[in-house]
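Quick notes on the structure that follows.
Keep in mind the model is a prediction, meaning the values are calculated, not measured.
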Amino acid sequence: MTATDQTEPVSVDTVVTGEWIITLNAAREIYRDGAIAVSGGVIAEVGKRAAILEKYQSATLIDEPDGIVIPGMINGHRHLLCCAKGAMPEGGQTLSALRQFIYPSFAALTEDDMGVYARHAAAEMIRFGTTLFEEPGCNHLEAVLEALAASGIRARTGPWTWDQAGPAGADGLPDWLRMDADAALDRLAEGVQTVRKFNHPRILDAVTIEGVGTCSDALNRGAADLAREYDSLFVLHKSTSEAEVELELKVFGERPVAHMHTIGALHDRVLLNHMTSLDEHDVELVLASGARISQNPTSALKLAKGTTQTGKWKALAAAGVPMALGTDAENVSNHTDICRAMQLAALLPRDATRDPNAVTAEQALEMATLGGATALRMQDQVGSLEPGKQADIVVFDTANFDLRPLHNPVANIVYGSTGHSVDTVLIGGEVVLRHKQLTSLDEAGLRSQVEAINRRVLGEIGIAPLPRWPIV
């Protein structure tokens, strides 16, 4: 072969290497000593390290020969309209905590607050390896969109919406965003249009209502119809506790999921958050409808939802229902680390069913990546490392006790790691975290601003979060 016969390397933007590349492609291939070539924010090829480095000439080489590389993790339920972390009074459960602490906190947030909160939340999620999240309804949507765009994260979002006319009644609800069902549906349609007019490639719309007994049948049904009309995603909190189930049985004579089916609000554009209180018929209805779920294990445990008794996670996973993992809000999970959610998603169903294979490590990792993408109806864009998909990539630093000794990278990630082991994150090929440092957001500055907002809000709602033990 002459010099002129040799093939010139193909120019790409970035090559990422790793000891293990866990692709989550259709064959679930894992490359040992692998690499990913990225061009124009899209994955060009995944393969063995030597072959990729020979074939491609990259402007940037992220060479992590000891790292574990996975698709960007997805948070299926993460509030931006939120509360002070660690400040919620102890001992509350879902319905009481919402009315006594969470809703009043939401109502106190200004437009500027929302911009700060959104940036801070994005910073925390990126730091722990989340590249896409679903936001189940925020206020001051325009400020949120600007903040998310500045962060580089990927999101689905819409406006917080309710008509306060659901089966739980209006007692204890704040005088905040009060509207009837027609006005609420107008707000939802306007939210979709606001996100689409913003026209950011990483931010998609959602039709977001609160649920948990606060929304009328007219609003539930109308929101479900809007999601179909706009080819969007209908997001709501549902079957969040046994108390909610008992309430709907009393009012409607049906469990929450069955009632959604009865009124025509359950279909393949529906994302049901929490879903900790189910029976076998609920599972059948979810599966038949094509609806999707975000389970949020840490918030379920903190609020004593009974997730191990009534969650039906083994049955849902076995049926192949698209499931994301979420962390909910600061006041309940107290973190946004999907690695912690993965561990619980794998382990809690085993204890609940006394079955060590109830949910496997592989299934838990799928929920955190491709399952989350599917739940958010974005599986054609993200969720796996394969040619043509967006280059949302997470690299774990394995030089720590969490991930060494390293024999099975799936087991190490699911059972042993936390997001603190995340070293590098790319979203759409853009490096947003490198060597555990954010590239576009000021972590320390945001933290200081959030703490100041929290102190003001807690003063306004009359909460003084102090330890139970004496302070001397």
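- Scored by the side-chain contact (heavy atoms from CB on, under 4.5 Å) test, Pro89 finds Phe101, Ile463 as partners (sequence neighbours excluded).
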Ignoring hydrogens and angles, write down the donor-acceptor pairs under 3.5 Å from the side chains of residues 165-179, residues two or more places apart or on other chains.
{"from": "Asp175", "atom 1": "OD1", "to": "Arg178", "atom 2": "NE", "distance (Å)": "3.0"}
{"from": "Arg178", "atom 1": "NH1", "to": "Gln164", "atom 2": "OE1", "distance (Å)": "2.8"}

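- Residues in residues 343-363 take part in these salt bridge (Lys or Arg N to Asp or Glu O under 4.0 Å) pairs, two or more places apart or across chains: Lys314-Asp355.
- Among residues two or more places apart in sequence or in another chain, the side-chain contact (heavy atoms from CB on, under 4.5 Å) test is passed with Ala319 by Leu287, Val321.
- Checked against ring-ring contact (aromatic ring centres under 6.0 Å, His included), Trp313 has no partners two or more places apart in sequence or in another chain.
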Side chains of residues 444-452: which donor-acceptor partners sit under 3.5 Å, not counting sequence neighbours?
{"from": "Arg447", "atom 1": "NH2", "to": "Glu443", "atom 2": "OE2", "distance (Å)": "2.5"}
{"from": "Gln449", "atom 1": "NE2", "to": "Gly445", "atom 2": "O", "distance (Å)": "3.4"}

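- Among residue pairs with one or both ends in residues 261-294, those qualifying as ring pair (Phe, Tyr, Trp, His ring centres under 6.0 Å) are His77-His274, His237-His274; sequence neighbours excluded.
- The 12-atom threshold is not exceeded at CD of Glu190, counting heavy atoms of other residues, nucleotides or ligands nearer than 6.0 Å.
- With Asp392 as the partner, the side-chain contact (heavy atoms from CB on, under 4.5 Å) test is satisfied by one option alone out of Arg202, Arg154, Met73, Gln381: Arg154.
- A donor-acceptor contact closer than 3.5 angstrom is absent between the side chains of Asn454 and Lys85.
- By the ring-ring contact (aromatic ring centres under 6.0 Å, His included) test, Phe128 pairs with His420, sequence neighbours left out.
- Taking the ring-ring contact (aromatic ring centres under 6.0 Å, His included) definition, one finds that Phe252 meets it with His259, sequence neighbours left out.
- Taking the ring-ring contact (aromatic ring centres under 6.0 Å, His included) definition, one finds that His120 meets it with nothing, sequence neighbours left out.
- The side chain to side chain donor-acceptor pair (under 3.5 Å) contacts involving residues 365-377 comprise Arg28-Glu366, where partners must be two or more places apart or lie in separate chains.
- The CZ atom of Arg255 sits 7.0 Å away from the OG atom of Ser277 when rounded to the nearest 0.5 Å.
- Checked by atom type, the side-chain pair Asn75/Thr130 shows no donor-acceptor distance below 3.5 Å.
- Arg99 meets the salt bridge (charged side-chain N to carboxylate O under 4.0 Å, His left out) test with no other residue; sequence neighbours excluded.
- When only modelled atom types and interatomic distance are considered, Asp328 and Ser333 share no side-chain donor-acceptor pair under 3.5 Å.
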